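Could you have a look at this structure, given as structure tokens, before my questions?
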Amino acid sequence: MPKSYDHRAIEKKWQNFWLDNKSFRVVEDSSKPKYYVLDMFPYPSGQGLHVGHPLGYTATDVVARFKRMRGFNVLHPMGWDAFGLPAEQYALETGTHPAETTAMNIKNFQRQIKSIGLSYDWDREINTTDPDYYRWTQWIFLQLFHKGLAYQAEVPVNWCPDLGTVLANEEVIDGKSERGHHPVFRVPMRQWMLRITNYSESLLEGLDNLDWPEGIKELQRNWIGRSEGAEVIFDLPSINESLVVFTTRPDTLFGATYMVIAPEHPLVKRLTISNKKKEVKRYVEKAARKSDLARTELEKDKTGVFLGTYAINPGNDEKIPIWISDYVLMSYGTGAIMAVPGQDQRDWDFAEEFNLPIIRTVEPPGDFDGKAYLGDGSAINSQFLNGMHVNEAKKTMIEWLVKNEKGKPTIQYKLRDWLFSRQRYWGEPIPVFHSDDEVEAIPYKDLPIVLPNVEDYKPSKSGDPPLANSGSWLEVIVNGKAGLRETNTMPQWAGSCWYFLRFVDAQNSDEPWSAQNEKYWMPVDLYIGGQEHAVLHLLYARFWHHVLHDLGYVSSREPFKKLVNQGMILGEDGSKMSKSRGNVINPDEIIHKYGADSLRLFYMFMGPLEKAKPWSTSGIQGSHRFIRKVWNLLIDEDGNLSSKIHDNEGDELMIQLFHQTIRKVTEDIEGLRFNTAISQIMIMVNALRERDIYPRHIIESLVLILSPFTPHMSEELWERLGNDTSISFHPWPEYSESLAREELITIAVQINGKRRGEFQVRPGVDEQTALALALENVNVKRYVEGNEIRKTVLVKDRLLSIVV
RNA sequence: GCCGCGGUGGUGGAAUUGGUAGACACGCCAGAUUUAGGAUCUGGUGCCCUUAGGGUGUGAAGGUUCGACUCCUUUCCGCGGCACCA
């Protein structure tokens, strides 16, 4: 039997108490202000919780507990993002059904999460692989489909043979799959796409008013990649047609000395003269075969082929040669560019390689020694633009283009439509069927389309999904029309695009959520998760939310008001935690050894939430030591409440410190500055320990303000202090500004900018008195004596600066 | 290359409408207690000078100011993201 604090017994006791009493079950209550605090729900992997997970979870939990004590009605839910590759890969290897693996992993995650003492409302737990959940994921897909935002297209996709699936652009990194690093190739296939590009502007604008880290907003802005420019029409006399190019620099039109179109461009064949056909064909085929990896590797050397025909530069009616090159992408703009080597480095490189003319149209500064000049300057060699600076020249040229019907202003985005189908088994079936070459929606009433049991999860080499072999499941008759079900499934992102909406009404079996609950809870007030979801999840979820808003299903345009990214927990050696480095810390072991409260407290004390910080064994020991210190403050060696606790106001200094502490802790938790909140509590505990008497009201408040961080110990101490209700909903202590004020303050004295002494005085002292008091100090006197005081500056209640 | 974030003791970090740099904690040193280890308690701890006291110090260099971790200029280093997007 441990003499002092027994974290294992006490933590178990209160975890059971909270679960048995459903302490954190929340119901809508319009008489109370709401607060929705959300974690990015995890993918329940076989590895169990990583040390990184509980950091964010603890932060939201501290806020949730704090807000409850402040009188808010707090929605704090948890769920499982359980569709996805690993369970399916595991099934391929072992034959265990992904549903089985998933259930097992979820159980393990639940156990781990409960052992941290997180205050979730488990009645709202959700699982994206549950038909009662994905029924509504399918429902939302149909909303998109009926709105024309989901469509099929034969598109070049990122096909990954090793994974047997196509991947989204976002899932391909340097030509390899994000998961597993397998090579990825460009192959045309029939795919489902979501028209996220219709929402480019909306998604961009929405960012402005969000309380998100600037970095994440910038990342999304870059991803959307808006650029303003113009479309310019070039005539193609050889085929008697014209071709539109996009440029951000219409002012450089007079420097366009050749044109480049993408190798995949539909006009390539017709624009090629006969004796170039062979060469062009070879180049086009080579470009098509190139994986993304190869394309990036060959970044340095420009390649291309002259087609033998010409376009007419609308600015000066000059003939310019048309080339193909893989540095022009079919997927951006119009797949064709006007090349202006004088003002674009890529065009310059190409022009140098193939001896094409270079005309500068912007005067570079005298000392400019580079090649292409991208900066501002006066226009030259540009007829009516000459002398104008870039911005004015752009404007003038666009006006000219419009007037002469040679072009118009336009905006381009880098954002592409979202490839939404996967040739995999473990995902939501797409609720449509194919009949006579037509695709039709499954009626809402027939949802969910439940994923059938199959024996073979393996995708075929041809790219046919596993569901293609699922026999009678495929056959469907809707309104007398027979057809075959869609065999592609949705990507893993689908379930997480709306889970925060399901939480507001998790058990509703008639609709995905009720308008009433949505209006009450949404938007999410605080969303905490890893930075790795900066673009993918957060952009997709915002997209769906914007659509749902346009359809009138949600009341707010943006789902997540405030977003915070927790920093990574590094290994004790300061590098990324990984099995191969052998620096992985297992949260289970830490909780067993030091307790959940120690873990929570240490996480919050380590440093700023957003920062990456190394794990520290002596650090967790320190937190554990502090917890025992607090315990020993209240509970004596025999396990009784300390006899030093008295109904007593406390001495003046203690009262002052007490109010300062309440103030700082309150403000710091509000601002998510947990580390400094804890440090302030430590200061108060240290001060209390020096006293012979512990004023009861201060001790009670101490337990209260610690409770968001160390809820188990706080509940236990609260009970031992004689309370018979849970601390979790007890009102947060108030502070008094006047009692927090210092009676006597220390003012530092600087002479010529160097600190030479200090004196104590009541607050609000004026400059003359301060100077007089300062001069009483021997050391100060020494520096001032024999010199003339030229100037004094008094910083109120802080410092007096004397210049001699 | 471009964009974003960061650089403060031996370590994690405090402190920014410009106002006592290093709070709090870890570690370390000394002492107390203990059969020993551990635990606990007390004191010390940026660096340099023997002390009073002084010098110096927030990646580097310069600038503004009575006063700069904080503002400005230049520069170095680390981390994350994007990468032929016309």
Side-chain angles (χ1 to χ4, degrees), chain A residues 3-4 173-174 213-219 221-223 225-227 229 245-249 252 256 260 262 295-296 298-300 302 325-329 331-340 343-347 349-350 412-416 531-532 534-535 565 567-568 570 572 574 576 601-602 605-608 610-623 625-626 628-629 632 673 675-683 685-686 689 746-758 778-779 782 790-804:
Chain A
K3 265 198 205 134
S4 66
I173 293 164
D174 290 336
E214 245 348 282
I216 300 292
K217 291 208 255 183
E218 206 47 41
L219 232 53
R221 285 193 191 106
N222 290 342
W223 196 264
R226 181 186 205 268
S227 56
V245 304
F246 172 73
T247 178
T248 53
R249 293 294 301 275
T252 63
V260 186
R295 276 209 183 188
T296 39
L298 292 172
E299 206 176 308
K300 287 157 215 118
K302 291 277 184 287
S325 172
D326 63 5
Y327 86 92
V328 172
L329 311 172
S331 47
Y332 184 75
T334 61
I337 63 159
M338 60 180 222
V340 188
Q343 273 74 231
D344 185 295
Q345 190 55 46
R346 296 156 302 182
D347 295 345
D349 293 343
F350 191 84
Q412 280 291 335
Y413 300 91
K414 277 201 259 181
L415 188 68
R416 314 285 160 76
Q531 177 150 25
E532 64 273 19
V535 230
N565 293 123
M568 216 187 321
L570 305 171
E572 198 143 15
K576 217 175 208 168
L601 189 75
F602 178 53
F605 184 62
M606 288 171 93
E610 305 88 326
K611 237 194 114 169
K613 330 159 254 274
W615 179 261
S616 158
T617 299
S618 43
I620 181 89
Q621 282 166 351
S623 294
R625 200 176 306 159
F626 175 72
R628 282 209 316 260
K629 240 185 226 184
N632 294 334
R673 294 179 297 269
N675 53 332
T676 47
I678 292 167
S679 127
Q680 183 65 36
I681 297 176
M682 286 173 167
I683 290 171
V685 168
N686 289 344
R689 278 152 50 87
T746 306
I747 290 185
V749 184
Q750 281 186 358
I751 291 156
N752 289 346
K754 296 223 183 295
R755 187 175 175 280
R756 298 296 179 188
E758 60 182 37
V778 223
N779 203 38
R782 227 179 72 203
R790 289 175 37 202
K791 187 177 173 184
T792 58
V793 181
L794 179 74
V795 181
K796 190 168 181 290
D797 295 347
R798 305 221 61 171
L799 166 143
L800 176 72
S801 182
I802 304 171
V803 189
V804 298

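Computation of the quantities below employed the complete heavy-atom set of this structure, encompassing side-chain atoms and omitting hydrogens, waters and symmetry-equivalent molecules. In what follows, chains are A, B, ... by sequence order, proteins preceding strands, each numbered from 1. Since the structure is predicted, the reported quantities are computational estimates derived from the model, not experimental observations.
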Evaluate the side-chain proximity of A/Arg755 to A/Leu799: yes if any heavy-atom separation is below 4.5 Å, no if none is.
no

Hey, does A/Ile337 have a side-chain heavy atom less than 4.5 Å from the side chain of A/Thr247?
no

Using a cut-off of less than 4.0 Å, is there contact between a side-chain N or O of A/Lys613 and OP1 or OP2 of B/G12?
no

Would you mind classifying the nucleic acid contact of A/Asp347 as base, sugar-phosphate or nothing, using non-hydrogen atoms under 4.0 angstrom?
nothing

Taking the side chain as C-beta and beyond, is there a heavy-atom pair between A/Val685 and A/Met682 under 4.5 Å?
no

Specify the separation, in whole Å, of atom CD1 of A/Ile678 and atom C1' of B/C26.
15 Å

For RNA chain B, whose closest nucleotide is more 5', that of A/Lys754 or that of A/Asn675?
A/Asn675

Contact class for A/Thr792 vs. all strands (heavy atom < 4.0 Å): base, sugar-phosphate, or nothing?
nothing

For A/Phe602, which residues count as a ring-ring contact (aromatic ring centres under 6.0 Å, His included) partner, sequence neighbours excluded?
A/Trp615

Pick the P atom in B/C71 and in B/U16, then give their distance to the nearest Å.
12 Å

Do the side chains of A/Glu610 and A/Asn565 get nearer than 4.5 Å, heavy atoms only?
no

Kindly say whether, by distance alone, the side chain of A/Ser801 makes a donor-acceptor pair under 3.5 Å with the base of B/C66?
yes

Which value, in whole Å, describes the distance between the P atoms of nucleotides B/U58 and B/A68?
11 Å

Name the nucleic acid region contacted by A/Pro213, choosing base, sugar-phosphate or nothing; use a 4.0 angstrom heavy-atom cut-off, strictly under.
nothing

Identify whether any heavy atom of A/Val803 sits under 4.0 Å from a base atom; if not, whether one sits that close to sugar-phosphate; answer base, sugar-phosphate or nothing.
sugar-phosphate

When all nucleic acid strands are considered with a 4.0 Å heavy-atom cut-off, which category describes A/Arg689: base, sugar-phosphate, or nothing?
sugar-phosphate

Using Watson-Crick or G-U wobble geometry with both distances under 3.5 Å, which nucleotide pairs with B/G13?
none

Find the distance A/Met682:CE to B/A14:P and express it as a whole number of Å.
14 Å

Taking the P atom in each of B/G38 and B/G31, what is the distance between them to the nearest angstrom?
15 Å

Base orientation of B/G46, syn vs anti, 90° cut from 0:
anti

OP1 or OP2 of B/A25 versus the side-chain N and O atoms of A/Asn686: is any pair under 4.0 Å?
yes

For B/G6, the nucleotide meeting Watson-Crick or G-U wobble distances (both under 3.5 Å) is B/C77

Taking the P atom in each of B/G18 and B/U8, what is the distance between them to the nearest angstrom?
23 Å

Rounded P spacing from B/C29 to B/G6 in Å
36 Å

Is there a side-chain contact between A/Arg756 and the phosphate of B/G55, meaning an N or O under 4.0 Å from OP1 or OP2?
yes

Under 4.0 Å, heavy atoms only, any strand: does A/Leu799 hit a base, just the sugar-phosphate, or nothing?
base

Counting only Watson-Crick or G-U wobble pairs whose two distances fall under 3.5 Å, which nucleotide matches B/A52?
none

Take A/Asp347 and A/Tyr327, measure what side chain to side chain donor-acceptor pair (under 3.5 Å) needs, and give me the verdict at the end.
CA-CA 9 Å; A/Asp347 295 345; A/Tyr327 86 92; 2.7 Å; yes

What contact category does A/Glu218 fall into here, base, sugar-phosphate, or nothing, at under 4.0 angstrom with non-hydrogen atoms?
sugar-phosphate

Without decimals, in angstroms, what is the distance between A/Gln345 CD and B/C2 P?
12 Å

Can you tell me the distance, in whole Å, between the CD atom of A/Gln750 and the C1' atom of B/U65?
12 Å

Distance between C1' atoms of B/C82 and B/C69 (Å, rounded):
31 Å

With rounding to whole Å, what would you report as the distance between B/G9 and B/G57 at their C1' atoms?
10 Å

The answer to which of A/Gly607 and A/Thr248 contacts RNA chain B further toward the 5' end, by nearest nucleotide, is A/Gly607

Paired with B/G37 by Watson-Crick or G-U wobble geometry, both distances under 3.5 Å: which nucleotide is it?
none

Any strand counts, and the cut-off is 3.5 Å on both contacts for Watson-Crick or G-U wobble. Which nucleotide pairs with B/G27?
B/U45

Contact under 4.0 Å: A/Lys611 side-chain N or O vs B/G13 OP1/OP2:
yes

Counting any heavy atom closer than 4.0 Å, what does A/Ala339 reach on the DNA or RNA strands: base, sugar-phosphate only, or nothing?
nothing

Please give, in whole Å, the distance from B/U65 C1' to A/Arg790 CZ?
13 Å

Could you check how far CZ of A/Arg221 sits from C1' of B/C2, rounded to whole Å?
17 Å

Go through the steps for A/Val749 and A/Arg756 under the test side chain to side chain contact (heavy atoms under 4.5 Å, CB included), then give the verdict.
CA-CA 6 Å; A/Val749 184; A/Arg756 298 296 179 188; 5.6 Å; no

Would you indicate, yes or no, if B/U40 has its OP1 or OP2 atom less than 4.0 angstrom from a side-chain nitrogen or oxygen of A/Arg628?
yes

Just name whichever nucleotide pairs with B/C66, Watson-Crick or G-U, keeping both distances under 3.5 Å, else none.
B/G19

Are the side chains of A/Phe605 and A/Phe626 in touch, meaning some heavy atoms are under 4.5 Å apart?
no

Indicate, with a heavy-atom threshold strictly under 4.0 Å, whether A/Arg625 touches base, sugar-phosphate, or nothing.
sugar-phosphate

Please give the distance between the P atoms of B/C24 and B/G43 as a whole number of Å.
12 Å

Main chain of A/Leu794, side chain of A/Lys796: is a donor-acceptor contact present, judged purely on distance under 3.5 Å?
no

Figure out the CZ/C1' separation between A/Arg673 and B/U16, and round it to whole Å.
13 Å

Taking atom P of B/C79 as reference, at what distance in whole Å does atom CD of A/Glu532 sit?
19 Å

Partner of B/G1 under the Watson-Crick or G-U wobble criteria, both distances under 3.5 Å, comes out as B/C82

